[in-house]
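Working notes for the structure below.
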Amino acid sequence: MINNYRNNERQIDLLLVSIGGLQAAPCGCCSAMSTSPSSPAWPGSMAASGGATSVPGRSRASAAAAGFNFGTLGFWFPWSVVLLVVAAVLFSYIALLLLLAVCLLSEGQRLYLHWSHKIGILVTLSFSLSATAVLSDLWSKEWTTLLLSLQVTAPFLHVGGVLLMTLLSWPVALHFFRMNKRVRQGLILSSYLAVLFALYLVPLGMYSPCIKEEGTLGPAPALIGHRGAPMLAPENTLMSFERAVEAGADGLETDVTISSDGVPFLMHDSTLRRTTDVYEMFPNRTDAPASSFTWSELQMLSAGAWFLRRDPFGSAGSLDASERLWVQNQTVPSLKEFLDVAAHHQSLVIFDLRRPPPGHPYRDSWISRTLDVLHNQSSINSSQVLWLPADQRRFVQELDPELQQTSGDLASIQQLQEQKIVQLNLHYSHMEQEQIRKYASVNISTNLYVISQPWLYSLAWCAGVHSVTSNALHILKNLQRPVFLMTPDEYNLMWILTNIFSALLVTAVFIFHWWRERGLPFCSGSRQVNDNGPYSKFRTEESDIQGVRWNPLFFEGPSLSLDPLHVPSLHAELSDVWSISSVGVRGEAHGSAVAANLPTITEEPPRDKRSELIG
């Protein structure tokens, strides 16, 4: 039991291969495969290096980050999902505070943050910076996905941005009309209008492959099962390929390694520990290269039990009893078995051929050994094979010209034609509509990997991609049309109506605030002035005073009798009064004569001013 736990603990660096669309450690069909002489010597170099498996740098970094979770909990924990959920909660909290701030400021109130909210904002900012740094390091190559997503979401993001700026017109207009400094008014208004008009004009320079004229959309890209159907069955097993065909796959993709006795078999990883029970059958060879095993030893291993145990895509629970038994009985298939399945279903095949490490008996004859199986042992037609390995390409072309030569590297049309390349196998980050059209004009088709999301498949469809390698065949096959597809006329109508609605609403908001600020009930022919911020000091005019009643509860000194002759002289003093205690206004006609003996007035200015009034 302890040995099993320790072996599981050492499986961390390849776990991401089976999680998240199998994109963490791309295979040769999904990236250029290194065949440099610096590969570890066969067969003892892995043990000599402490059992370290050679994985790509991005996979190694991701695996290191995932190590604590698996080693401590004993199962895979989606830490990236938790990270995104926490980020969403924190940003929602900040958005709520911002909304409350806008509401308060729009009513002339000041925002006083509690100390707990200040700490919350600081924590959110710190978390955002840290998470961005971590994700930038682990997923540095995935930022391209964000840029690609803008090509399909930009039209809708534009509408959202215009509506957001329209909502902001309320607080902007409020503060614009309550400011008394022309410079600040001009700065606020010009900044707001500059951003608003820039958003209005964004569609003029926007590009999206999914904005197409009616009838110009090409056929949907053909689907190639990435190691079969890994979301429905254990990857690189005969069951997985059968499920891929059932899901509508037009082609099948896999990875080929050669055993120590010369049998090509299917295995993506350089070791057997992730997708077999090698730690039970050969506990001392858990980290040994897969190519160091004989074919008879490989036949002893289960290639399906791990799928039920780890459930990498959360789909194992949907299997019935017979299907679970089928999974348990899966073994490591040979290349011959794989080719026979493809031949039976008339499917295209593409595979990466991994060169054995130095010291392997078939180190120098790996190409010819594979071709021997293809020509002499399997029933597949050569025209069904997309030949990807770049090594000895001229030799392969001369030996079998019917193979469809496929390249995993971008090159000029002239170079590709010289090599007789008919297909490109590229990462989806190389998706450029103009480039795809250029290659298609000389009969070079394009396959992109690994695309498993409907929006990304839709983008590839709109860009004119011929085929995609996918983990989610059963999902993409059901798409009847690209997501976000629209005609230029439909999009023009959408953004023009949005801009018109926004302009009318913003104009109405500014007119409303202009009218309100000049028609406030507490103003009489004068505008409310903002001297020192969002709050104003209201001035009292002589003409507004009809009668003031003295209240002894708020006055400690002698009463003050006001003579009509004294009223004009008090105008300057009353204009600076901040608060008047218990003022009673009599219903006299405005502008009528003041009574001979006005009641007394009590105010709360400094002592010297009170004395001055009494004197």
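- For the atom pair Leu386 CG and Ser407 OG, the distance stands at 12.5 Å (nearest 0.5 Å).
- A donor-acceptor pair under 3.5 Å is formed between the side chain of Asp250 and the backbone N or O of Leu223.
- Nearest heavy atoms, Ile451 versus Ala460: CD1-CB, 4.1 Å.
- Judged as a salt bridge (Lys or Arg N to Asp or Glu O under 4.0 Å), and not counting sequence neighbours, the contacts of Glu246 are Arg243.
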**OP:** In sequence, state the C-alpha distance, the side-chain angles, and the governing distance for Glu235 and Arg274, and then conclude on salt bridge (charged side-chain N to carboxylate O under 4.0 Å, His left out).
**Re:** CA-CA 11 Å; Glu235 65 176 72; Arg274 182 177 64 89; 2.9 Å; yes
Subject >> Evaluation steps, side-chain contact (heavy atoms from CB on, under 4.5 Å), between Leu163 and Leu167 >> reply: CA-CA 6 Å; Leu163 294 179; Leu167 293 177; 5.7 Å; no
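- Using a distance-only test at 3.5 Å, with no hydrogens or angles considered, no donor-acceptor pair links the side chain of Tyr428 to the main chain of Tyr457.
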Original post:
Could you go step by step and tell me if Asn447 and Thr406 meet the side-chain contact (heavy atoms from CB on, under 4.5 Å) rule?
Top reply: CA-CA 10 Å; Asn447 177 72; Thr406 305; over 6 Å; no
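- Partners of Phe512 under the ring pair (Phe, Tyr, Trp, His ring centres under 6.0 Å) rule, at least two apart in sequence or in another chain, are Trp170.
- Formation of a donor-acceptor pair under 3.5 Å by the Arg481 side chain with backbone atoms of Ser458 is not found in this model.
- Put simply, the side chain of Gln384 never gets that close to the backbone of Leu348: no donor and acceptor are under 3.5 Å apart.
- Closest non-hydrogen pair, Ala249 versus Gly225, comes out as CB-N, 4.3 Å.
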Original post:
Between Asn236 and Thr275, does a side-chain contact (heavy atoms from CB on, under 4.5 Å) hold up when you go through it step by step?
Top reply: CA-CA 9 Å; Asn236 279 337; Thr275 57; over 6 Å; no
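- Here the straight-line distance linking atom CZ of Arg178 with atom CD of Gln185 works out to 13.0 Å at 0.5 Å rounding.
- A search for salt bridge (Lys or Arg N to Asp or Glu O under 4.0 Å) contacts involving Arg393 returns nothing, not counting sequence neighbours.
- Considering every non-hydrogen atom in both Met494 and Val159, the closest pair reads CE-CG2, 4.1 Å.
- Distance CD/Gln423 to CD1/Ile444: 10.0 Å, rounded to 0.5 Å.
- Across all non-hydrogen atoms, the minimal contact from Ser240 to Ala229 is OG-N, 2.7 Å.
- Considering only residues two or more places apart in sequence or on other chains, His345 meets the side-chain contact (heavy atoms from CB on, under 4.5 Å) condition with Glu242, Val245, Val341, Ser347.
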**OP:** Evaluate side-chain contact (heavy atoms from CB on, under 4.5 Å) for Phe241 paired with Leu266, printing each intermediate quantity in order.
**Re:** CA-CA 12 Å; Phe241 298 119; Leu266 310 188; 3.5 Å; yes
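- Under the 30°/60° scheme for interplanar angles, the aromatic rings of Phe484 and Phe156 are found to be tilted.
- With sequence neighbours excluded, no residue forms a ring pair (Phe, Tyr, Trp, His ring centres under 6.0 Å) with Trp461.
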List the atom pairs, donor and acceptor, that lie under 3.5 Å between side-chain atoms in residues 190-208 and the rest of the protein, sequence neighbours left out.
residue : atom : partner : partner atom : Å
Ser190  : OG   : Gly186  : O            : 2.7
Ser190  : OG   : Leu187  : O            : 3.1
Ser191  : OG   : Leu187  : O            : 2.8
Tyr192  : OH   : Met165  : O            : 2.6
Tyr200  : OH   : Ser502  : OG           : 2.7
Tyr200  : OH   : Ala503  : N            : 3.2
Tyr207  : OH   : Gln433  : OE1          : 2.5
Ser208  : OG   : Gln151  : O            : 2.4
Ser208  : OG   : Cys210  : N            : 3.4

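- Across all non-hydrogen atoms, the minimal contact from Ile211 to Pro155 is CD1-CG, 4.1 Å.
- Heavy-atom minimum distance, Pro234 versus Phe307: CG-CB, 3.6 Å.
- At least one donor-acceptor pair under 3.5 Å links the side chain of Ser452 to the backbone N or O of Asn471.
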